[in-house]
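In what follows, a structure is listed as structure tokens, so that the remarks can point back to it.
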Amino acid sequence: MDAKNYIKNKSFCPLPWTGFIVHQNGDVRNCVLSKSKIGNLKDNSIQEIVGGEKNNEIKKQMLSDNKPKNCEGCYRLEENKNSFDIVSQRIYYLKELKSVDPALYDSVNNFNLHTVDLRWTNQCNQACVYCGPHNSSMWVKEIGGEDLMSQEKKQQLKEYVFANVKNLKNVYLAGGEPLLMNENQEFLELLMKENPDVNLRVNTNLSATETKVGRMIKQFKNVHWIVSVESTGAAYNYIRYGGSWNTFCNNLEELKNTTDHKISFNMLYFVLNYIKLFDCVDFLRDAGFHENSFVIGPLYGPEYLNILNLPQEKINQAKKILEDRIQSKPGYFLQDSYSNLLKYLDTPYEKNLQSTFDGLAKLDTRRKLDSKKIFGEVYD
């Protein structure tokens with residue numbers, strides 16, 4: 001496929017030919033927005049999965065300019081937008097992998113590793129209210145339940161990725177909390193030796209920047225820190241259970257002042273921060289972060305925390321805040337995020353506010369907390 005043609009092809013994404021995400025339980029997907037997995041390392045090797053029928057069918061559809069259902073997340077984000085300033089994995093990787101020889105995309109049978117999204121384990125020092133055992137070892141300690149890939153499968157994955165480390169153009173580390181994972185230390189040591197100019201993205205809660213992994217990341221030149229945060233103060237401490245707002249602020253300030261790395265914020269909008277989210281945005285803007293540093297999306301699950309459970313008068317209150325902020329024209333990703341949230345608030349939904357209160361009551365009891373004192377606006 002000619003390079004110009006694959007950019008014009010609105011169905012095309014380079015990821016099925018160039019990369020994958022591996023989850024803690026061994027599930028393999030094309031990207032974080034994929035609707036379904038293309039395999040699991042418990043059943044097949046990574047080579048068999050990326051060269052398998054499911055992945056090849058996705059490639060076939062893209063080359064025919066048909067949009068695979070597995071990739072609906074990106075296509076939905078791109079609806080009615082012509083700018084390349086779109087929060088879409090497809091657009092992002094078209095930019096990041098533009099140096100890949102377009103001949104790679106000529107056949108559904110081709111695959112050459114250029115990007116990876118690795119989530120080796122669920123090790124994490126926070127148990128965020130919307131998370132669970134799959135992504136947090138702290139949740140496992142609290143309620144049990146764990147489904148991780150075996151050491152044998154993890155070693156096989158390592159061997160494949162490490163053998164291709166020189167070809168990597170983009171690496172994404174997430175978790176759990178990637179700054180706490182020993183596997184990332186080994187990976188980063190190899191990257192620094194063989195491919196120090198790689199574009200490195202790190203999705204972190206920024207709670208432990210002085211680990212060995214954290215210090216290593218700071219030595220790389222091309223780093224994008226994607227920081228998970230959605231509230232401030234006591235609300236932060238409740239939502240990101242195990243975390244400390246003061247520690248977060250200190251680490252953010254230190255990172256900002258000691259590196260020239262890119263820093264952005266990945267924020268979720270849901271019942272508990274339907275107002276408090278905006279305090280967080282304002283705090284970070286006042287700290288000097290640009291409007292293009294914010295990517296905000298609605299929380300879809302667990303359902304009891306979905307913002308659409310709120311009564312209509314509170315939804316209307318949230319819509320008014322968003323409309324006013326859009327009216328001020330902040331531009332960039334921030335304005336795009338506000339517009340997407342406003343659109344989401346009109347989504348048909350079967351409200352169940354009692355499920356919200358029941359879920360929070362269970363959380364409060366287990367953690368010996370009182371959500372009513374912190375989120376009075378939700379209970380009013």
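In this chain, numbering begins with 1 at the start of the sequence shown.
Residue Gln327 qualifies as open at atom CD: its count of foreign heavy atoms under 6.0 Å is 12 or below. Residue-environment remark: CD (Glu313) exceeds the threshold of 12 foreign heavy atoms within 6.0 Å. Around the CD atom of Gln317, the shell of radius 6.0 Å holds more than 12 heavy atoms that belong to other residues, nucleotides or ligands. In this structure, Lys351 places its NZ atom where more than 12 heavy-atom neighbours from other residues, nucleotides or ligands lie under 6.0 Å away.
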Could you go through the salt bridge (Lys or Arg N to Asp or Glu O under 4.0 Å) check for Glu96 and Lys169 one step at a time?
-> CA-CA 7 Å; Glu96 283 292 300; Lys169 296 172 177 58; over 6 Å; no
May I have the step-by-step check of ring-ring contact (aromatic ring centres under 6.0 Å, His included) for Tyr344 and Tyr300, ending in yes or no?
-> CA-CA 11 Å; Tyr344 181 73; Tyr300 299 111; 5.5 Å; yes
Between Arg29 and Asp117, does a salt bridge (Lys or Arg N to Asp or Glu O under 4.0 Å) hold up when you go through it step by step?
-> CA-CA 10 Å; Arg29 298 172 185 260; Asp117 179 339; over 6 Å; no
Evaluation steps, side-chain contact (heavy atoms from CB on, under 4.5 Å), between Val22 and Asp27 | CA-CA 6 Å; Val22 178; Asp27 280 348; over 6 Å; no
Report the C-alpha distance between Glu210 and Lys218 in whole Å, list the side-chain angles of each, state the deciding distance to 0.1 Å, and finish with yes or no for salt bridge (Lys or Arg N to Asp or Glu O under 4.0 Å).
-> CA-CA 10 Å; Glu210 287 307 307; Lys218 292 177 184 178; 2.7 Å; yes
Passes side-chain contact (heavy atoms from CB on, under 4.5 Å), Leu188 versus Leu173? Steps please.
-> CA-CA 10 Å; Leu188 290 167; Leu173 302 179; 4.2 Å; yes
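Judged purely by distance below 3.5 Å, without hydrogens or angles, the side chains of Asn170 and Asn199 never pair a donor atom with an acceptor atom. Side-chain N/O atoms of Ser244 and Asn246 include no donor and acceptor closer than 3.5 Å. When only modelled atom types and interatomic distance are considered, Asp197 and Asn222 share no side-chain donor-acceptor pair under 3.5 Å. Under 3.5 Å, the side chains of Ser207 and Asn125 contain a donor-acceptor pair of N or O atoms. Counting only N and O atoms by type, the side chains of Gln312 and Asn316 include a donor and acceptor under 3.5 Å apart. Side-chain contact of Asp65 with Ser11: a donor-acceptor pair under 3.5 Å is present, judged by distance alone. Donor-acceptor pairing under 3.5 Å is lacking for the side chains of Tyr93 and Asn30. A side-chain N or O of Arg325 and one of Tyr338 form a donor-acceptor pair less than 3.5 Å apart. A donor atom on one side chain and an acceptor atom on the other are not found under 3.5 Å apart for Ser136 and Asn122. Between the side chains of Ser36 and Asn70, a donor-acceptor pair is found at a separation under 3.5 Å. Gln126 and Arg240 form a side-chain donor-acceptor contact under 3.5 Å, judged by distance and modelled atom types alone. Side-chain contact annotation: Gln151 with Gln155, donor-acceptor N/O pair under 3.5 Å absent. For the residue pair Glu186 and Asn182, no side-chain donor N or O sits within less than 3.5 Å of a side-chain acceptor on the partner. For Asn203 and Tyr172, the side-chain atoms include at least one donor-acceptor pair closer than 3.5 Å. For the 3.5 Å distance criterion, the side chains of Glu183 and Thr121 fail to qualify, holding no donor opposite an acceptor. Side-chain contact annotation: Asp101 with Asn112, donor-acceptor N/O pair under 3.5 Å absent.
Ion pairing between a basic and an acidic side chain is recognised when a charged N comes within 4.0 Å of a carboxylate O; Asp358 and Lys362 show no such pairing. Between Glu152 and Lys42, none of the side-chain N atoms (NZ, or NE/NH1/NH2) sits under 4.0 Å from a carboxylate O, so this pair counts as no salt bridge. Salt bridge status for Glu377 with Lys314: absent, with no side-chain N to carboxylate O gap under 4.0 Å. Using a 4.0 Å cut-off between charged nitrogen and carboxylate oxygen, Arg90 and Glu78 count as a salt-bridge pair.
Two rings, from Trp17 and Phe111, have their centers 6.0 Å or more apart. Ring pair Phe289/Phe294: centre-to-centre distance not below 6.0 Å. Remark: aromatic rings of Phe283 and Trp245 are close, center separation under 6.0 Å. In summary, the aromatic rings of Phe375 and Tyr274 are positioned with their centroids too far apart to meet the 6.0 Å limit.
The cationic group of Arg366 does not satisfy the cation-pi geometry with Trp139, failing either the under 6.0 Å distance to the six-membered ring centre or the 45° limit from the ring axis. A cation-pi arrangement, defined by a distance under 6.0 Å to the six-membered ring centre and an angle within 45 degrees of its axis, is absent between Lys373 and Tyr379.
Side-chain atoms of Asp147 do not come within 3.5 Å of backbone N or O of Gly26 as any donor-acceptor pair. Between the His23 side chain and the Asn25 main chain, no donor and acceptor come within less than 3.5 Å of each other.
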